[in-house]
Enquirer: 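Got a structure here, written out as structure tokens. Questions coming.
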Amino acid sequence: MPLPLDKLLNPQQLEAATWPEGPVCIVAGAGSGKTRVITHRLAHLVETGRARPEECLAVTFTNKAARELRDRVDVLLPGTAYRMWVSTFHSAAARILREAHGYLGLPRGFVIYDQDDSVRLIKQICGELNIAKDLISTYAHRIEQLKHQAIPPEKFEPDPFDIPGKRVREVYTAYEARLARAGAVDFGGLIVLALKVARENPEASYSLGRIRHAVVDEYQDVNRAQAALVETLAPRLGSLAVVGDDDQSIYRWRGASAYSLLQFTETFPATHQVRLEENYRSTGRILKLANEIIRQNPGRLTKELWTRADDGPMIRLRQLRDDRSEAAWAVDDSLEAIRTGTRPSELAFLYRTNAQSRPLEEALHRARIRYRILGGLRFYERREVKDVVSYLRLVANPDSEMDLRRIINVPARAIGDTTLSQLAAAAQAAKVSLWGALALPEEALAAAGMKAAGRTKLREFGTMLGELRAACAGRAPAVAITEVIARTAYDQHLRLEEDGQERLDNLASLARAANDYEEDARRANEPATLEAFLERVSLESGDENEGADSAESVTLMTLHSAKGLEFDAVYVMGVEEDVLPSARAVSSEDAEALNEERRLAYVGFTRARRRLTLSMCQQRLVFGEIRYGTPSRFLRELPPSFVREHLVGDLHAILPRAALASAMPRFDRAPRPEPRSVDRGETRVVYDDAPTAPRRPRATTAVLDLDVDERDMVAPRGGGFAPGSGVLHAQYGRGTVEGVTGTGDNARVDVFFPEHGQKRIVAKYLRRA
DNA sequence: CTCGCCAGGCTTTTT
DNA sequence: GCCTGGCGAG
């Protein structure tokens, strides 16, 4: 029975889901039912008989999104969906390479190097080329960017003013050669090589060759290479739909650009464009705020989200004294929400940088609220996991240089730097991989200066690895893991360490991941190979946080990882200058960098269905030292009238004094929580939620573990500090005023402290001496 | 060659 | 404030 699409979708969605052929560009705002359109489009293709499931490809960026898409298509097309190819860009590319490895000259068991691996390799090469190490990250970044644009070393023409460019080319060339010798492909290379297959010989990949219909999600985040891949496939396709939102392009630093989305109609003149602007997620206020923020950005496909929903509750704004109080306040507030019936899984705390999770975790821990962190610490990046994975990769592909380097002396085998570089020299001379060099005749190694002791150790290592490979050949991944641990005595090695037990547990988890993979493979009717398991390990973060108990937990994550998700109540924390927008974006003077931060704020705010809370603090610990913060320009840019109508809380933090005065009457009418005092063990949380007197902006609403001195500090009226006068500061002590910039709450005072030198301090943190 | 200590860098964000 | 990588002692 076909799905009654016209009942399930609004007219624009229906058009987007059913437009029959050729290129379709779907500009879909946040919460406009984008995934719904994609899944129904795929289902519609199959139901109308225009496509067989195996002719359909759907591509997204994150594994999370791919999984969700797959699950939701499965609901619409039970039993058929698994025949579709639903995948991330990178996994799709890996599959193409797997199938076309012969054409590409890659070994069957080629390994995928993550960013860490490639930086290490570039470092290695730079060392050999005598390049200063402070340039390594620059080169790594340049090479990565070139690969994002699918520019190979020989096509890279640095312009004459590009001083490092020449060496970039040199390093890049060497890097590509080394990857090839190691039988390895980096993230960028996956796309570049898939593009090569698509251009030259698409039939070399069985999966690729049969695709007739494609949907590409998050098209605003494709880089040049990915766009080229899509564009190359287009002529072979009966239909191609790209879906995206230029306002949610947040991966510029990774080479992404909304350019391909904005230019899509130019690239394919036959394109049918559809816009989805009706939002089904958030309240009117949240959308108004989001629209108000994002309209500051130039060059958009100006769309404006709207909703039939009501305005909803006011958006709350809180300014706290420091990051610990900010976390404590938000956690306490969320506790209240949970008490009044919000499910923990409907609460999310979003922040700009992972480092901001720490105070939150501590506060949640104290409040005994369960939480899960998405993103954060990645399972597969743990040292012991990477070590064992390196052994597994060597089983699949012994030539992998970075993996061999990683474990050749782990556990310790008395093979140190000296022996290793002699081996590398011998390998270079013989033009073979490090593994290949292990099999070189004694004389070749001796010629590289290696002593007999080193040669013996290497020989032993080579034998061990050879036996391990033989023992694992054709066996299931879980068996291979057991073999690795047993034959290398890796568990013994861990037991000697301080936190060895925890690391052993992680290896047990790795084994579990392998079992899970085998289970998945069985279900998908595919053989469970070590190669495919390793591919999963390389391309997925290994978040175990998607566990079944998540309904009982609140969620913590960066704004980036929040894209595509939604929650009833969202706390966006640290809405401050140098945080959101990031310090880097602020200091770079690069307008596009700031615009991207603004989009990030937009993404964050639009995650909330009903309750949105923004918080900021006056000082926070950055690298262990105190930094003074001011409210984000994204809030200060808001028209005062808008703020008065839709926000409650510490409005004085973001409104000019004049605008604040007229805001007060309205502010007084806002529902006002009872002032509370909560005693929880050693932590004292005191609230002062009463609206602040207009004349004395006491921004602090929560005080946590502060010295009495500091608590007593009150902003001096008018910030009137005359140069030459004496002042007191809680950290720096007594000092002399050198000058003043800004006015009101934004006033900064340059103060000279005899013991600390000159500092620029927000006026409210100073007292007259 | 290994171990342990210290300095310095790090924080954007992720496949 | 934490981690890594580099360096020096044994």
Side-chain angles (χ1 to χ4, degrees), chain A residues 59-66 87-94 112-120 123 127 133-134 136-137 144 147-148 185-191 194 218 221-223 225-226 249-256 323 350-359 362 374-378 380-381 383 408-420 451 453-454 457 496-498 535-543 557-563 574 578-588 593 596-597 599-601 603-604 620-627:
Chain A
V59 186
T60 69
F61 269 87
T62 65
N63 294 301
K64 209 185 334 174
S87 154
T88 66
F89 258 108
H90 288 86
S91 327
I112 299 167
Y113 280 0
D114 63 17
Q115 195 157 24
D116 186 57
D117 294 321
S118 34
V119 171
R120 275 168 198 267
K123 198 167 178 179
K133 39 182 181 283
D134 51 335
I136 291 169
S137 58
E144 196 189 354
K147 295 196 96 160
H148 286 155
V185 180
D186 62 10
F187 281 155
L190 287 174
I191 308 295
E218 308 281 15
D221 280 335
V222 294
N223 61 34
Q226 289 159 334
S249 169
I250 54 174
Y251 287 105
R252 196 175 72 114
W253 46 273
R254 208 171 74 182
D323 45 358
L350 310 183
Y351 36 77
R352 178 65 179 85
T353 67
N354 279 310
Q356 286 170 260
S357 74
R358 189 173 295 263
E362 287 166 6
L374 294 189
L377 39 138
R378 328 199 115 239
Y380 293 130
E381 277 168 24
R383 193 193 51 180
I408 194 164
N409 203 28
V410 180
R413 299 189 176 91
I415 301 173
D417 283 347
T418 321
T419 311
L420 188 51
K451 301 250 169 52
K457 295 292 176 198
L496 300 175
E497 292 190 12
E498 228 172 282
E535 182 180 306
R536 179 189 277 217
V537 168
S538 306
L539 297 179
E540 297 192 18
S541 59
D543 266 333
M557 72 188 117
T558 63
L559 291 165
H560 280 89
S561 18
K563 187 158 80 159
D578 292 349
V579 178
L580 181 66
S582 74
R584 200 173 276 217
V586 170
S587 62
S588 74
E596 176 138 323
E597 297 288 315
R599 291 192 288 270
L600 204 45
V603 167
R620 67 170 60 244
L621 285 178
V622 180
F623 300 143
E625 59 183 48
I626 293 177
R627 294 284 174 81

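Values in this document were obtained by computation on a predicted structure and should not be read as measured data.
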Enquirer: Find which nucleotide of DNA chain B each of S538(A) and L420(A) is nearest to by heavy atoms, and output the residue with the more 5' nucleotide.
Expert: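 Comparing both residues, the 5'-ward one is L420(A).
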Enquirer: Looking at dT15(B) and F89(A): do their rings stack (centroid distance under 5.5 Å, interplanar angle under 30°)?
Expert: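 No.
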Enquirer: Can you tell me how far P of dT14(B) sits from NE2 of H560(A), to the nearest Å?
Expert: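 In whole Å, dT14(B) P lies 7 Å from H560(A) NE2.
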Enquirer: Over all strands shown, is N409(A) touching base, sugar-phosphate only, or nothing at heavy-atom distances under 4.0 angstrom?
Expert: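 The residue N409(A) makes sugar-phosphate contact but no base contact.
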Enquirer: Using a cut-off of 4.0 Å on non-hydrogen atoms, how would the nucleic acid contact of Q115(A) be classed: base, sugar-phosphate, or nothing?
Expert: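 Touches a base.
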Enquirer: How is A355(A) classified with respect to the nucleic acid when contacts are heavy atoms under 4.0 Å: base, sugar-phosphate, or nothing?
Expert: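 Result for A355(A) = base.
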Enquirer: In whole angstrom, what separates L374(A)'s CG from dT15(B)'s P?
Expert: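 In whole Å, dT15(B) P lies 11 Å from L374(A) CG.
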Enquirer: Given atom CD of E540(A) and atom P of dT15(B), what is their separation to the nearest angstrom?
Expert: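 So the two atoms are 9 Å apart, to the nearest Å.
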Enquirer: For R620(A), which of I626(A), D578(A), V579(A) qualifies under side chain to side chain contact (heavy atoms under 4.5 Å, CB included)?
Expert: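 Single side chain to side chain contact (heavy atoms under 4.5 Å, CB included) partner of R620(A) among I626(A), D578(A), V579(A): V579(A).
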Enquirer: Any non-hydrogen side-chain atom of V185(A) less than 4.5 Å from a side-chain atom of Y113(A)?
Expert: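 No; the side chains remain at least 4.5 Å from each other.
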Enquirer: For the C1' atoms, the ones on dT11(B) and on dG6(C), what distance do you get once it is rounded to whole angstrom?
Expert: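 One C1' to the other, the span is 22 Å.
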Enquirer: Using a 4.0 Å heavy-atom cut-off across all strands, classify L190(A) as base, sugar-phosphate, or nothing.
Expert: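 Here L190(A) touches no strand at all.
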Enquirer: Select base, sugar-phosphate, or nothing to describe what T418(A) touches, counting heavy atoms under 4.0 Å on all strands.
Expert: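 Counting heavy atoms under 4.0 Å across all strands, the contact made by T418(A) is with sugar-phosphate only.
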Enquirer: Name the orientation class of the two ring planes belonging to F61(A) and F89(A) (parallel below 30°, tilted from 30 to 60°, perpendicular beyond 60°).
Expert: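 F61(A) vs F89(A) ring planes: tilted.
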Enquirer: Measuring from E540(A):CD to T88(A):OG1, what's the distance to the nearest 0.5 Å?
Expert: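 One gets 8.0 Å once the value is rounded to the nearest 0.5 Å.
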Enquirer: Begin from the C-alpha positions of R254(A) and N223(A) and carry the test side-chain contact (heavy atoms from CB on, under 4.5 Å) through to its verdict.
Expert: CA-CA 8 Å; R254(A) 208 171 74 182; N223(A) 61 34; over 6 Å; no
Enquirer: Could you check E596(A) against R599(A) for salt bridge (charged side-chain N to carboxylate O under 4.0 Å, His left out), going step by step and ending with a plain yes or no?
Expert: CA-CA 5 Å; E596(A) 176 138 323; R599(A) 291 192 288 270; 3.2 Å; yes
Enquirer: For N409(A) and I415(A), indicate whether the former's side chain and the latter's backbone hold a donor-acceptor pair under 3.5 Å.
Expert: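 Judged by distance alone, yes, a pair lies under 3.5 Å.
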Enquirer: Say whether, by atom type as modelled, one donor and one acceptor occur between the side chain of K147(A) and the main chain of F187(A) under 3.5 angstrom.
Expert: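 No, the answer is negative, given that no donor and acceptor are paired below the 3.5 Å cut-off.
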Enquirer: Just the rounded figure in Å: distance from P of dT11(B) to CD of E597(A).
Expert: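 Taking atom P of dT11(B) as the reference, CD of E597(A) is at 15 Å.
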Enquirer: Looking at T419(A), does any N or O in its side chain come under 4.0 Å of the phosphate oxygens OP1/OP2 on dC1(B)?
Expert: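 Yes, within the criterion.
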Enquirer: Which part of the nucleic acid, if any, lies within reach of S561(A) when heavy atoms closer than 4.0 Å are counted: base, sugar-phosphate only, or nothing?
Expert: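 Since only primed, P, OP1 and OP2 atoms lie under 4.0 Å of S561(A), the category is sugar-phosphate.
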Enquirer: Check the interface with nucleotides 1-5 of chain C: list each N/O to N/O pair with the protein under 3.5 Å, or write none.
Expert:
residue : atom : partner : partner atom : Å
dG1(C)  : N7   : F623(A) : O            : 3.2
dG1(C)  : O6   : F623(A) : O            : 3.4

Enquirer: Consider the side chain of A412(A), meaning its heavy atoms from C-beta on, and name the nucleotide among dT13(B), dT2(B), dT15(B) that approaches it most closely.
Expert: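 Taking heavy atoms from C-beta onward, the closest nucleotide is dT2(B).
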Enquirer: Could you tell me how far apart Y251(A) (OH) and dT13(B) (P) are, to the nearest whole angstrom?
Expert: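 Spelled out: OH on Y251(A) to P on dT13(B) is 11 Å.
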Enquirer: L559(A) CG to dT14(B) P: how many Å, rounded?
Expert: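 My rounded result for the distance is 10 Å.
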Enquirer: Expressed in angstrom and rounded to an integer, what is the separation of H148(A) atom NE2 from dT13(B) atom C1'?
Expert: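 Distance check: H148(A) NE2 to dT13(B) C1' gives 13 Å.
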Enquirer: Atom CG of L600(A) to atom C1' of dT11(B): distance rounded to whole Å?
Expert: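 The answer, rounded to whole Å, is 14 Å.
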